[in-house]
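Proteins come first, then strands; the chains are lettered A, B, ... in the order of their sequence lines, and each starts at number 1. Fair warning: this is a prediction, and the values are worked out from it, not measured in the lab.
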There are 2 protein chains.
Amino acid sequence: MPENIATSEAGSPLYLRVRDQLAEQIERGEVTANIKLPSERVLAERFETTRVTARLALAQLEAEGRIYRSNRRGWFVSPPRLIYNPTEDYSFSDNAVTQGRLPRTETLEVRCTVASAWLAGKTGLETGDPVVLVRRRRYLDERPVLVENIYLNSRHLPGIKGFDFNRSLWKLLRDQYSVDLVQKKIEMFPTALVDPQASALSVNAGTAGLCVNRCSRDAAGVFVEFDEEFWLHDTLSIQVNVA
Amino acid sequence: MPENIATSEAGSPLYLRVRDQLAEQIERGEVTANIKLPSERVLAERFETTRVTARLALAQLEAEGRIYRSNRRGWFVSPPRLIYNPTEDYSFSDNAVTQGRLPRTETLEVRCTVASAWLAGKTGLETGDPVVLVRRRRYLDERPVLVENIYLNSRHLPGIKGFDFNRSLWKLLRDQYSVDLVQKKIEMFPTALVDPQASALSVNAGTAGLCVNRCSRDAAGVFVEFDEEFWLHDTLSIQVNVA
DNA sequence: AAGTGGTCTAGACCACCAC
DNA sequence: TGGTGGTCTAGACCACTTG
């Protein structure tokens, strides 16, 4: 049975009225976190319109962070955002568990390489200085939510390449090297995810994301690590306190 | 003369190849900041495709923050992002000028009201406590880039309603009330802009944005102001230092 | 008045995923 | 194998902006 939309007052475009109806159903809890929405074809029929218009409505809800898509499996309701304070020493896993989520970390790659001009500019290293690159992917409730490139100062952290990176990096540095990260420079901006990050997260190129870069030094001001994080835009809320 | 795209290897979807060609032209400087792109119909013809596909390519570049649209006037190349540190006492104007931009502030509304339950939860006020609401819109080079709702503790700031809000709020508090904002709690998350913020910025509902909330207190911990900012996503880069 | 983006129709074929 | 989203065509009319 079609919804009473196509026949309603046309005060706003059809795709926004479809959006509002879907949003209402989500808020009423008729569909809840991680539940699949009806298919685009079914929605188009239900609202007596075409797939193009149904997709416009879905794109709106996706942009607002209310729903997300998974591969070609369909559209799902987004769970609450993870609260994340990038200024603090940080265990992704502890933080997720505290918020009632199931975290998982995959180490995609560990490789010795040298600093690019871009990295040198960000860190104060010289171009060509040795660094260890660690690429990780992190999940919440089995949904991949971020990929990151970590560049470690290998001169300052001998033997770092041999450790297990599926655990908290901050704890590793503290326990194995007695390094405290006390100086941080953090940069954040919203942007679309493109390859290779989009592929790594199994989303389409152009999916909205948040890029978080963090440059950390020890108490003496020596560069320790640079972290480049690519988050799906609907999965996090940044919180920072200044005292 | 059509670009050599439709005939090129179809390793990726057409709209991504169109995106790449346009991105290249932007990077080569053939079109630069605030320059208008060819119309969607011209692009469709040039790349031997339809408007729908051309719009997909443009939407990609918009999501990446490379271009933006202005009403029904066309698509324009985005200028560099404004670097913004929300943890510091902050003059929008000074910051913009330092970065070579032309700032402007409009006060849309100044109104006495009372704290909602939502605001009470964010600030520690009681629901119903008196506050002054200031709504402002801010421009960079005559492009509106953010709207904000400022809630001021009117008990703590007698007579605040009478001042000029087109200048820096922080300077106003310092000069007129000798208040230093030393405790701040900041929250940021990417989301789509919807009405009324979208209308206030003359963009379509669903345009990508960044919401920045800031709760500031004085040295004694008394609530002074809560600021709710809605930025266009391609206009800013957040930078924070932790020492 | 002409041109622009905004919205919408009614289809089509493809790649991938689950059954 | 059938259903899903992903991509794409070839048009249409409308609202608004600009000359």
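Between B:Arg73 and the phosphate of D:dT18, there is a side-chain N or O to OP1/OP2 separation shorter than 4.0 Å. For A:Ser39 and D:dT4, the shortest distance from a side-chain N or O to OP1 or OP2 is below 4.0 Å. Under 4.0 angstrom from either OP1 or OP2 of D:dT9 there lies at least one side-chain N or O belonging to B:Thr53. One finds a side-chain N or O of A:Asn71 lying less than 4.0 angstrom from the OP1 or OP2 phosphate oxygen of C:dC17. Neither OP1 nor OP2 of D:dC8 sits under 4.0 Å from any side-chain N or O of B:Thr49. Taking only side-chain nitrogens and oxygens, B:Tyr15 never comes nearer than 4.0 Å to OP1 or OP2 of D:dC8.
The distance from atom CG of A:Leu43 to atom C1' of D:dT4 is 12 Å, rounded to the nearest whole Å. The separation between B:Leu14 atom CG and D:dT7 atom P is 11 Å, rounded to whole Å. A:Arg55 places its CZ atom 15 Å from the P atom of C:dT9, with the value rounded to the nearest Å. Summarising the geometry, the separation between CZ on A:Phe76 and P on C:dC17 is reported as 13 Å, rounded to the nearest angstrom. B:Arg17 places its CZ atom 18 Å from the P atom of D:dG6, with the value rounded to the nearest Å. Separating the CZ atom of B:Arg19 from the C1' atom of D:dT7 is a distance of 15 Å, rounded to the nearest angstrom. Remark: C1' of C:dC8 and CG of A:Leu56 are 9 Å apart, rounded to the nearest angstrom. Between the CG atom of B:Leu37 and the P atom of C:dT4 there is a distance of 13 Å, given to the nearest Å.
Set against C:dT9, D:dT9, C:dG6, the side chain of B:Val52 has D:dT9 as its closest nucleotide. Listed nucleotides D:dA10, D:dT4, C:dC8 differ in distance to A:Lys36; the shortest reach to its side chain belongs to D:dT4. You'll find that the side chain of A:Arg72 is closest to D:dT4, out of D:dT17, C:dT9, D:dT4. If you check D:dC8, D:dG5, C:dT7 against the side chain of A:Trp75, the one that comes closest is D:dG5.
Taking 3.5 Å as the limit, the base of D:dG5 and the side chain of A:Arg41 contain a donor-acceptor pair of atoms between them. Judged by distance alone with a 3.5 Å cut-off, a donor-acceptor contact links the side chain of A:Arg51 to the base of D:dG6. In the interface, the side chain of B:Arg69 is not paired with the base of C:dG6 through any donor and acceptor atom under 3.5 Å apart.
Annotation for B:Thr105 and B:Arg138: closest pair OG1-NE, 3.0 Å, computed over non-hydrogen atoms. Across every non-hydrogen atom of B:Arg81 and A:Pro190, the tightest pair is NH2-O, 2.8 Å.
Counting only heavy atoms from C-beta outward, the side chains of B:Leu58 and B:Arg69 never approach each other to under 4.5 Å.
Shown here, C:dC19 forms no base pair; nothing in the strands shown gives a Watson-Crick or G-U wobble contact with both key distances under 3.5 Å.
The main-chain N or O of A:Arg136 is never found under 3.5 Å from a side-chain atom of A:Thr107 such that the two would form a donor-acceptor pair.
B:Ser78 and B:Arg66 form no side-chain donor-acceptor contact under 3.5 Å, judged by distance and modelled atom types alone.
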Could you please spell out the steps behind the ring-ring contact (aromatic ring centres under 6.0 Å, His included) verdict for A:Trp118 and A:Phe226?
CA-CA 12 Å; A:Trp118 171 81; A:Phe226 185 85; 5.6 Å; yes
